[in-house]
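In listed order, ligands and their atoms are each counted from 1.
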Amino acid sequence: MWYLLPLPIKHEYMDAEQQLRVLLNDTRLAEDLKNIAQKVLNHQRITFNEGVTLYQKGELSYLGVLANYIRQERHGDNTYFNRNFHIEPTNLCVYDCKFCSYSRLIKERSEGWEYTMEDMLNIVKRYDNEPVTEVHIVGGVLPQYDMAFYQQLFSAIKAHRPELHVKALTPVEYHYIFKKAKIDYATGMRLMKESGLESMPGGGAEIFHPEVRDQIAKDKCTGDQWLQIHEEWHKLGMRSNATMLYGHIEEYWHRVDHMEQLRQLQDRTGGFQTFIPLKFRNKDNQMSNVAETSVIEDLRNYAIARIYLDNFDHIKAYWAMISRTTAQLSLNFGVDDIDGTLDDTTKIYSMAGAEEQTPGMSTKELVELIKHVGRHPIERDTLYNVVTDYMDYQFADEVKPQFYKLPVIN
Ligand code: SF4
């Protein structure tokens, strides 16, 4: 136990590298942790066993110093967000994942919704005059949402608004619809691309290892199938994200195994952009007896992800899931992206018991949230091209008041 290490907060007098060097000179630091810190300073990859060591022995301040060093090296203070909206076609699902607070099984249809093609296109049209750059489509799995349906949906969105980036569905849906259409993954992903799909979100990954996956997400695509579908997508020259659902029944080594498999695939394809750790929430699901992780554990987990996934550009925290203040804190623990200004078009977080029950934030609020912790807000598009640099941006209603001429009394 050591108490004098610098916290990974922005210092006036010590930058991220200096903090790491101070840590390396601390004689109380255990040898294995010192070796890992040295590797980070040397830009060397850590091993599987070292990943497990970080989870078992790495205290928050130690992990933060390492993760913040990597974050500063890669992105400086830049902190990204995007402007998107969500379409969730349905919350009915043929699967029955134990952690899912969102899905209503088909037998509970009265509590669910099923959007038609027209409903979804009307949602897209609601944003016609809004400066959004992305539509994020993901929801439950139902037979009527098949290959033909999604091909038609993606084509119709692109025909209506060609510049809107379509980020849609996960391998859970793709595995199901390709199987139903009797086509292999490579053909299926190619057809989706031809219909207008531009990138894939990271969902459905949960924990890859079957020891855990079989207990919490039986029947849906396996970890290997999830990875294969992303690999086929990357082979088409396209990008995607990856998630990990943590803090339930898994052990630390399952998390490292999960990240190891992502790291290996990324070495082969380079197609992943962002890793998004997702905290297990226990409201209204079949695992409500499982306690949630603490904020400390959440921050440790972000930091370890930043250290382990040396070939991922970005680590994202969903502010709507972990609260605004934890999202601010996470920026000192390896996170460089806090998602978007989503409005209440998504119910995934609130139904799982997230702090934000009506998750919406204006661009101005999001920019201020980032600036308040000394970071540099940048609106990005889905592929991390800069849309607007908000560092010195003046919002319309912030224009300094003018001096008015006082009325002159003659
Ligand atoms: S997590 Fe996804 S696949 Fe599993 S039950 Fe919920 S909506 Fe269906």
Side-chain angles (χ1 to χ4, degrees), residues 86-115 119-120 136-147 149-150 153 167-181 185 188 192 200-230 240-250 254 258 276-290 292 318 320-321 342 345-354 359:
H86 286 227
I87 299 178
E88 290 164 11
T90 181
N91 70 338
L92 301 173
C93 191
V94 297
Y95 298 120
D96 186 24
C97 301
K98 302 285 175 264
F99 58 84
C100 185
S101 313
Y102 169 80
S103 162
R104 298 294 175 261
L105 280 172
I106 296 178
K107 60 180 186 275
E108 296 164 7
R109 245 189 167 106
S110 59
E111 294 175 37
W113 68 83
E114 286 166 83
Y115 290 151
D119 293 334
M120 291 190 241
H136 180 139
I137 306 170
V138 74
V141 179
L142 280 187
Q144 72 263 33
Y145 298 114
D146 59 8
M147 192 76 200
F149 183 93
Y150 281 120
L153 176 67
K167 181 169 85 177
L169 314 188
T170 72
V172 177
E173 288 104 329
Y174 288 125
H175 169 76
Y176 179 86
I177 64 181
F178 296 163
K179 201 170 154 196
K180 219 161 149 270
Y185 294 160
M192 285 297 161
M200 239 202 297
E206 326 312 358
I207 288 284
F208 293 142
H209 200 287
E211 219 171 80
V212 175
R213 197 175 186 84
D214 289 351
Q215 291 185 63
I216 65 168
K218 202 155 74 70
D219 299 331
K220 71 182 184 186
C221 72
T222 64
D224 284 347
Q225 289 164 337
W226 190 99
L227 291 158
Q228 281 163 24
I229 290 175
H230 278 266
S240 66
N241 294 336
T243 59
M244 172 175 77
L245 183 75
Y246 71 92
H248 41 89
I249 60 166
E250 88 286 5
H254 291 122
H258 188 93
I276 310 151
L278 297 176
K279 176 188 175 96
F280 163 73
R281 308 306 302 244
N282 65 8
K283 186 184 160 205
D284 285 341
N285 58 41
Q286 298 169 67
M287 292 167 69
S288 294
N289 57 319
V290 177
E292 294 181 0
Y318 277 118
M321 187 53 137
L342 51 88
T345 47
T346 179
K347 296 185 175 60
I348 288 176
Y349 313 119
S350 53
M351 288 174 79

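- If you check which protein heavy atom lies closest to atom 6 (Fe) of ligand 1, you get Cys100 SG, 2.4 Å.
- The backbone N or O of Val212 lies less than 3.5 Å from no partner atom in the side chain of Gln215, so there is not a single donor-acceptor pair.
- Between Phe208 and His258, the ring planes lie parallel to each other; the angle is under 30°, not in the 30° to 60° tilted range.
- For atom 2 (Fe) of ligand 1, the closest non-hydrogen atom of the protein is Lys220 NZ, 4.4 Å.
- Taking the six-membered ring where tryptophan is involved, the planes of Phe178 and Tyr174 are essentially parallel, since the angle between them stays under 30° and well short of 60°.
- Which parts of ligand 1 touch Cys93 is read off a 4.0 Å heavy-atom cut-off, strictly below it: atoms 3 (S), 5 (S), 7 (S), 8 (Fe).
- Ring-plane geometry between His86 and His136 is classed as parallel, the angle between the planes falling under 30 degrees on a 0 to 90 degree scale with a further cut at 60.
- Taking 2.8 Å as the threshold, Cys97 counts as a candidate ligand of atom 4 (Fe) of ligand 1, since one of its N, O or S atoms lies below it.
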